[in-house]
Amino acid sequence: MGHTITEKILMAHTNLKDIAPGQLINAKVDIALGNDITAPIAIREFRAAGGKKVFDRDKVALVLDHFTPNKDINSAQQCKTVREFAVEQGITHFYEGGQVGVEHALLPEKGIVVPGDLVVGADSHTCTYGALGAFATGVGSTDLAAAMLTGELWFKVPQTIKFVVYGKLNRWVSGKDLILHIIGRIGVDGALYQAMEFTGETISALPMADRLSMANMAIEAGAKNGIFAVDAVTVEYLKGRAQKPYKIYVSDTNAVYADIIEIDAGKLEPQVAFPHLPSNVRGISRAGEIKIDQSLIGSCTNGRIEDLRIAAQILKNRKAAPHVRLIVVPATPLIYRQAMAEGLLDIFMDAQAVISPPSCGACLGGHLGILAEGERSVATTNRNFVGRMGHPKSEVYLASPAVAAASAVLGRLASPDEL
Amino acid sequence: MIFKGKVWTFGDNIDTDAIIPARYLNTSDPAELAKHCMEDADADFMKKMKPGDIILGGENFGCGSSREHAPIAIKAAGVSCVVAKSFARIFFRNAFNMGLPIFESKDLADAVDEGKEIVIDSVRGVITLAGSDRTFPISPIPPFMEQLLADGGLMKHIAKKK
Ligand code: SF4
């Protein structure tokens with residue numbers, strides 16, 4: 001029986017000769033990631049279990065991105081806990097202050113994750129790195145503690161659903177729209193416990209930024225991981241970036257899939273997920289008249305330079321509607337600097353945007369852009385649960401940077417074609 | 001193990017933001033988190049529930065973020081266990097890793113009203129409605145995960161192996 005990429009990567013991290021979906025295995029991890037919310041609990045657990053040294057200081061990544069810059073005393077204390085641990089352990093990949101970016105934008109950018117890696121992160125959007133042909137999955141803090149201590153973790157081998165995407169994408173339609181469409185089609189538990197493998201001609205033509213957005217949201221369909229085969233686009237992205245040699249795995253032609261779903265992407269228009277589920281998706285032409293109070297462009301889903309370029313292209317010589325707070329969050333310091341060098345920040349400021357430091361901040365309703373009762377935000381983020389960005393009676397509409405930018409200008413959910 | 005308690009019912013797709021909103025994640029103190037347990041799903045939950053009570057969810061309970069603060073809040077609130085039609089993957093892991101008992105039952109949620117008492121017998125693999133003989137099977141737990149629960153969670157399990 002053949003194997004999928006996901007099965008092959010998992011197997012390569014065990015000493016087993018064969019594995020099958022459903023099997024419980026112990027596998028070695030290449031990177032174990034934590035942030036300022038999840039790492040403090042992991043550190044507590046690590047110490048309680050008598051942990052003295054992490055298994056490998058080069059294989060632990062600690063990124064203080066959620067409440068950065070520290071939003072209050074409690075969050076400062078959490079960061080202090082992690083910082084002291086990172087210094088004590090000599091953690092190589094420790095980021096805070098002016099070096100911090102949103103973790104899932106930062107790790108690929110710095111080449112810390114490479115194809116064939118097995119990555120666990122105490123953050124659900126760790127699945128982002130599947131775009132690079134790595135097996136990456138979100139876990140909890142206790143898992144992180146166990147991984148930091150032993151370098152291994154238990155996994156249930158997932159079944160894989162294959163998505164075959166074909167057709168040429170229309171103007172303003174991006175990877176974000178594709179993944180929203182897919183989640184809308186299969187539901188928020190449509191891939192529960194499973195791997196989502198993205199293939200097909202549309203995927204081959206898709207830039208890395210779009211693939212990262214898609215893999216990022218695999219968790220929003222309940223998936224364990226999302227994965228893309230390594231191709232010329234991946235290799236080009238890794239050039240001058242990859243911090244170590246990498247291994248490429250390909251799904252066998254006789255691999256067994258739980259399901260194969262074909263998607264005709266040529267017919268898609270920009271998509272929006274309405275409150276309060278990422279699966280509550282409709283095309284922008286069916287959005288109706290939804291007035292917005294805020295437009296958030298950023299996050300690990302869509303805070304990359306490519307996203308900011310698209311937003312700037314739309315916002316150039318335009319202004320956000322007077323009642324709209326436009327917030328732009330470059331996801332990493334490098335992206336911030338690029339945006340500055342390319343003049344994008346001027347365009348945003350001319351459009352009366354607030355430019356936030358790289359931070360998770362508003363995306364999780366932490367700080368730097370909280371919604372009041374009854375307010376609505378269009379956001380390029382990945383979750384629109386009740387209370388996600390603020391008051392339990394506020395609303396979040398998930399969309400691409402193009403839609404978020406156009407909506408900011410028109411003050412309502414809108415397609416760039418309406419400008 | 002036997003769990004006996006009143007059930008508090010919640011619908012499908014109860015996400016971790018509803019279980020413990022991100023605005024409270026600037027601490028990991030269990031007692032602090034417990035105060036806000038289920039707050040955005042039912043603002044009065046903590047006022048109504050009694051220690052030993054049971055949370056009854058629908059499909060995909062615990063979806064969303066990986067925050068272990070969610071099972072921690074539930075456990076620290078005194079909830080004895082969670083029963084749902086299905087659990088989101090990371091919540092499922094977290095619950096076993098930290099020793100919060102959770103059980104999958106496809107039919108219970110549609111057959112019992114809020115406030116009713118149920119008895120869960122995890123060894124026999126059945127749930128009974130108190131005062132009736134109606135029973136509901138629960139999905140068996142793989143032996144490895146049973147071991148995790150018996151050892152009191154993943155870290156204690158690892159310590160024991162060493
Ligand atoms: S940007 Fe949002 S979704 Fe991404 S890691 Fe930060 S809080 Fe999570």
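Below, chains carry the letters A, B, ... as their sequence lines are ordered, and counting in each starts from 1.
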field: Heavy-atom closest contact (B/N94 atom, A/S141 atom, distance)
entry: OD1-N, 4.5 Å
query: Which answer fits A/D189, side chain, backbone, both or neither, if we ask what part of it has an atom under 4.5 Å from a heavy atom of chain B?
result: both
message: If you define the side chain from C-beta out and look only at heavy atoms, does anything of A/I219 sit under 4.5 Å from B/I90?
response: yes
message: Would you say NZ of B/K48 has more than 12 non-hydrogen atoms from neighbouring residues, nucleotides or ligands within 6.0 angstrom?
response: yes
A/L364 versus chain B, the contacting section by heavy-atom distance below 4.5 Å: both
message: Any non-hydrogen side-chain atom of A/E45 less than 4.5 Å from a side-chain atom of B/L154?
response: no
- prompt: Tell me, side chain or backbone of B/T16 under 4.5 Å from chain A's heavy atoms, or both, or neither?
  reply: neither
- request: For B/S65 and A/R383, test the side chains for any donor-to-acceptor distance below 3.5 angstrom and give the result as yes or no.
  value: no
field: For chain A, the option from B/H157, B/M145, B/H69 that forms the most heavy-atom pairs under 4.5 Å
entry: B/H69
- request: Check whether A/L149 gets within reach of chain B through its side chain, its backbone, both or neither, counting any heavy atom under 4.5 Å.
  value: side chain
field: Heavy-atom side-chain contact between A/T137 and B/R89 under 4.5 Å
entry: yes
message: Tell me every residue that passes salt bridge (Lys or Arg N to Asp or Glu O under 4.0 Å) with B/R134, counting only those two or more places apart in sequence or in another chain.
response: none
- prompt: Looking at A/Y193 and B/E104, what are the two nearest heavy atoms and their distance?
  reply: OH-OE2, 3.8 Å
query: For atom CZ of B/R124, is the number of surrounding heavy atoms from other residues, nucleotides or ligands below 6.0 Å larger than 12?
result: no
- prompt: Within a reach of under 6.0 Å around CD1 of A/I73, are more than 12 heavy atoms found that belong to other residues, nucleotides or ligands?
  reply: no
Among the listed options A/V386, A/V139, A/D123, the residue most often paired with chain B at heavy-atom distances under 4.5 Å: A/V139
Portion of A/L192 that has a non-hydrogen atom of chain B nearer than 4.5 angstrom: side chain
message: Please classify the contact of B/P21 with chain A as side chain, backbone, both or neither, using a heavy-atom distance under 4.5 Å.
response: neither
task: Determine whether A/F67 and B/L25 make a side-chain contact, defined as any pair of heavy atoms from C-beta on separated by less than 4.5 Å.
output: yes
field: Side chain proximity check, B/R93 to A/L153, heavy atoms < 4.5 angstrom
entry: yes
- prompt: Which heavy atom in A/A49 sits nearest to a heavy atom in B/M155, and how many Å separate them?
  reply: CB-CE, 3.7 Å
statement: Applying a strict 4.5 Å limit to non-hydrogen atoms, the region of B/I158 in contact with chain A is side chain
- prompt: Quick one: of A/D143, A/T38, A/I37, A/I41, who has the most non-hydrogen atom pairs under 4.5 Å with chain B?
  reply: A/D143
- request: Select one option (side chain, backbone, both, neither) describing which atoms of B/F87 are under 4.5 Å from chain A's heavy atoms.
  value: both
task: May I ask you to test the A/N26-B/F144 pair for a side-chain heavy-atom distance under 4.5 Å?
output: no
- prompt: Can you name the residues of residues 108-118 of chain B that have some heavy atom under 4.5 Å away from a heavy atom in chain A?
  reply: none
- request: Nearest 0.5 Å please: distance from the CD atom of A/E220 over to the CG atom of B/D15.
  value: 10.0 Å
- prompt: For A/N35, is it the side chain, the backbone, both or neither that has a heavy atom under 4.5 Å from a heavy atom of chain B?
  reply: neither
query: Considering only heavy atoms, which portion of A/L277 lies under 4.5 Å from any heavy atom of chain B: side chain, backbone, both, or neither?
result: side chain
statement: Cut-off 4.5 Å, heavy atoms of chain A, and the answer for B/L148 is side chain
query: Got a second to check how far B/I19's CD1 is from A/F385's CZ, nearest 0.5 Å?
result: 10.0 Å
query: Is chain B contacted by the side chain of A/A76, its backbone, both, or neither, given a heavy-atom distance below 4.5 Å?
result: neither
task: List the atom of A/R44, the atom of B/S28, and the distance in Å for their closest heavy-atom pair.
output: NH1-OG, 3.1 Å
field: B/E68 and A/T142: side chain donor to acceptor below 3.5 Å
entry: yes
message: Can you confirm whether more than 12 heavy atoms, excluding those of A/K53, are under 6.0 Å from its NZ atom?
response: yes
